[in-house]
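Only this structure's heavy atoms are used, side chains among them; waters, hydrogens and symmetry mates stay out. The structure presented is a predicted model; accordingly, all values stated were derived computationally and were not measured.
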Amino acid sequence: MSNKYREFDINFGLEGRTALITGAAAGIGQAIAVMYAKKGADIICFDLHEAPETREAVEKCGRKFLQITADITRDEDIKNAVKTSIKEFVKIDILVNCAGIGILEKIEEVRDEVWQKTLDINLTGSFKMTREVGREMLKAGGGKIVCIASQGGVVALDRHVAYGCTKAAIIQLVKQCALEWAQYNINVNAISPTIVMTALGEMNWNNEAGEAFKKAIPARRFGYPEEVAACAVFLASDAASLINGANIVLDGGFTIG
């Protein structure tokens with residue numbers, strides 16, 4: 001064992017970090033915000049909606065919370081959010097791109113407006129936020145970026161054409177950013193969950209269709225927001241400093257074959 005390795009501090013905490021999380025008012029984004037706060041991070045919530053529950057949970061952990069009510073499809077909202085975050089916290093240590101939508105339609109029935117909206121929110125929004133925050137991380141000398149993709153970006157799923165295409169593109173976006181920014185101490189990685197039992201997941205999949213889907217998953221179950229959040233904590237921590245350009249699939253083995 002080399003002296004260099006022995007001196008390396010494996011730290012899974014996020015003490016003193018500031019995390020900007022899109023879509024943090026509910027669901028997976030909210031779970032990540034709360035778990036980050038428990039690990040010591042201050043939270044910036046970028047969402048179309050106010051997030052009183054997220055704020056309460058974050059502040060209960062003794063961490064700062066900044067609400068930015070904004071639209072991920074508006075360039076000015078993204079730029080203003082980053083400027084406000086830098087003014088408030090000096091730097092952004094962690095970015096989590098979690099904001100997204102999924103409108104499921106058969107290919108021949110996909111409406112142009114649905115295709116464009118899915119592209120604008122899931123992919124273009126994530127890219128522009130990454131670009132804007134990435135510029136600040138380059139100035140600061142490093143950072144961590146986590147993008148929430150999907151198993152639908154790894155394998156084809158019925159009625160997921162718009163959603164799946166954007167999530168597959170996010171996985172490639174992560175690789176591109178990691179390739180160019182790794183030398184500047186910026187880690188960029190993706191998490192691809194299976195169906196996650198958020199309030200929306202419960203509404204859509206706590207039924208016969210959900211039970212049938214589970215039979216195709218070796219683990220025979222769906223995921224929970226806290227499981228995605230735990231992975232996001234690891235990727236944002238110093239312990240994951242050598243992980244870059246990866247896509248961690250949290251799907252109970254669904255995409256094995």
Give a yes or no on whether Glu202 atom CD has more than 12 heavy-atom contacts from other residues, nucleotides or ligands under 6.0 Å away.
-> yes

Ile78, Val133: one ILVMFWY side-chain cluster at the under-4.5 Å cut-off?
-> yes

Separation between CD1 (Ile170) and OG (Ser150), nearest 0.5 Å, reads 9.0 Å

Closest non-hydrogen atom pair, Ser85 against Ile92 | CB-CD1, 3.8 Å

Given side chains that start at C-beta, do those of Trp115 and Cys165 come closer than 4.5 Å, heavy atoms only?
-> yes

What do you reckon, is CZ of Arg131 surrounded by more than 12 foreign heavy atoms closer than 6.0 Å?
-> yes

Is there side-chain contact between Lys167 and Asn122, with at least one heavy-atom pair below 4.5 Å?
-> yes

Is there a path from Ile148 to Ile103 through hydrophobic residues (I, L, V, M, F, W, Y) whose side chains come within less than 4.5 Å of each other?
-> no

Find out if a path of hydrophobic residues (ILVMFWY) with successive side-chain heavy-atom gaps under 4.5 Å connects Phe89 to Leu138.
-> yes

Enumerate, atom names and distances included, each donor-acceptor pair closer than 3.5 Å involving a side-chain atom of residues 208-219, sequence neighbours excluded.
| residue | atom | partner | partner atom | Å |
| --- | --- | --- | --- | --- |
| Glu211 | OE2 | Lys214 | NZ | 3.1 |

Is the closest basic N to carboxylate O distance between Arg111 and Glu105 below 4.0 Å?
-> yes

Work out which heavy atom in Pro193 is nearest to a heavy atom in Ala149; give both atom names and the distance.
-> CD-O, 3.5 Å

Hydrophobic cluster membership, Tyr163 vs Met197, 4.5 Å side-chain cutoff = no

Residue pair Ile145 / Asn189, side-chain heavy-atom distance below 4.5 Å = no

Taking all non-hydrogen atoms of both residues into account, name the closest pair between Cys231 and Leu250 and its distance.
-> CB-CD1, 3.9 Å

Do the side-chain N and O atoms of Gln151 and Thr194 include a donor-acceptor pair separated by under 3.5 angstrom?
-> yes

Has the side chain of Thr54 got a donor or acceptor atom that lies under 3.5 Å from a matching backbone atom of Ala24?
-> yes

Return yes if some donor-acceptor pair links the side-chain N/O of Asn244 with the main-chain N/O of Val188 below 3.5 Å, else return no.
-> yes

Ser237 and Leu14: CA distance, side-chain angles, deciding distance, side-chain contact (heavy atoms from CB on, under 4.5 Å) verdict = CA-CA 6 Å; Ser237 74; Leu14 302 177; 4.2 Å; yes

Are the side chains of Val96 and Leu20 in touch, meaning some heavy atoms are under 4.5 Å apart?
-> no

Nearest-0.5 Å distance, OG1 of residue Thr22 to CG of residue Leu48 | 10.5 Å

Side-chain contact, heavy-atom cut-off 4.5 Å: Trp181 with Met137?
-> no

Quick one: closest heavy-atom pair of Cys45 and Ala51, and the distance?
-> SG-CB, 3.8 Å

Using 4.0 Å as the upper bound for N to carboxylate O, is an ion pair formed by Glu59 and Arg55?
-> yes

Check against side-chain contact (heavy atoms from CB on, under 4.5 Å), Val174 and Gln172 | CA-CA 5 Å; Val174 160; Gln172 184 62 26; over 6 Å; no

Could you work out the complete set of other residues in the hydrophobic cluster of Val90, with links drawn between I, L, V, M, F, W and Y side chains under 4.5 Å apart?
-> none

Any salt bridge between Lys128 and Asp77, counting N to O under 4.0 Å?
-> no

Evaluate the criterion side-chain contact (heavy atoms from CB on, under 4.5 Å) for residue pair Thr69 and Glu50; output intermediate values, then yes/no.
-> CA-CA 6 Å; Thr69 306; Glu50 294 285 328; 2.8 Å; yes

Give, for atom NZ of Lys79 and atom CG of Asp75, the distance between the pair rounded to the nearest 0.5 Å.
-> 6.0 Å

Closest non-hydrogen atom pair, Tyr224 against Val196 | C-CG1, 3.6 Å

Within the distance-only criterion (no hydrogens, no angle test), does the side chain of Glu15 pair as donor or acceptor with the backbone N or O of Gly40 below 3.5 angstrom?
-> no

Side chain proximity check, Glu226 to Met35, heavy atoms < 4.5 angstrom | yes

Whether over 12 other heavy atoms sit under 6.0 Å from Glu56 CD | no

Any luck finding a side-chain donor-acceptor pair between Asp251 and Thr255 under 3.5 Å?
-> yes

Could you grab the distance from atom CD1 of Ile121 to atom OG of Ser126, nearest 0.5 Å is fine?
-> 10.0 Å

Indicate yes or no: does Arg221 engage Glu227 in a salt bridge with an N to O separation below 4.0 Å.
-> yes

Is a side-chain N or O of Asp42 found less than 3.5 angstrom from the main chain of Thr18, in a donor-acceptor match?
-> no

State, yes or no, whether a side-chain contact exists between Leu119 and Lys117 at a heavy-atom distance under 4.5 Å.
-> no

Full working for side-chain contact (heavy atoms from CB on, under 4.5 Å) between Leu95 and Met129 | CA-CA 9 Å; Leu95 167 66; Met129 184 63 81; 3.7 Å; yes

Supply the atom-to-atom distance Arg17 CZ to Ile43 CD1, rounded to the nearest 0.5 angstrom.
-> 12.5 Å

Contact summary for Ala25 and His49, nearest pair of heavy atoms | CB-O, 3.9 Å

State the NZ-NZ distance between Lys38 and Lys60, to the nearest 0.5 angstrom.
-> 8.5 Å

Test item: Tyr36 side-chain N/O and Ala232 main-chain N/O as donor-acceptor pair under 3.5 Å = yes

Shared ILVMFWY cluster between Val233 and Ile94, side chains joined below 4.5 angstrom?
-> yes

Distance only, no hydrogens: is a donor on one side chain within 3.5 Å (strictly under) of an acceptor on the other, for Asn187 and Ser241?
-> no

Check for a donor-acceptor pair, side chain of Thr166 on one end and backbone N or O of Leu123 on the other, with a separation under 3.5 Å.
-> no

Counting only N and O atoms by type, is there a donor-acceptor contact under 3.5 Å from the side chain of Glu136 to the main-chain atoms of Ile86?
-> no

If we ignore angles and hydrogens, is there a donor and acceptor under 3.5 Å between the side chains of Asn247 and Ser192?
-> yes

Taking C-beta and beyond as the side chain, do Val155 and Phe254 meet within less than 4.5 Å on heavy atoms?
-> yes

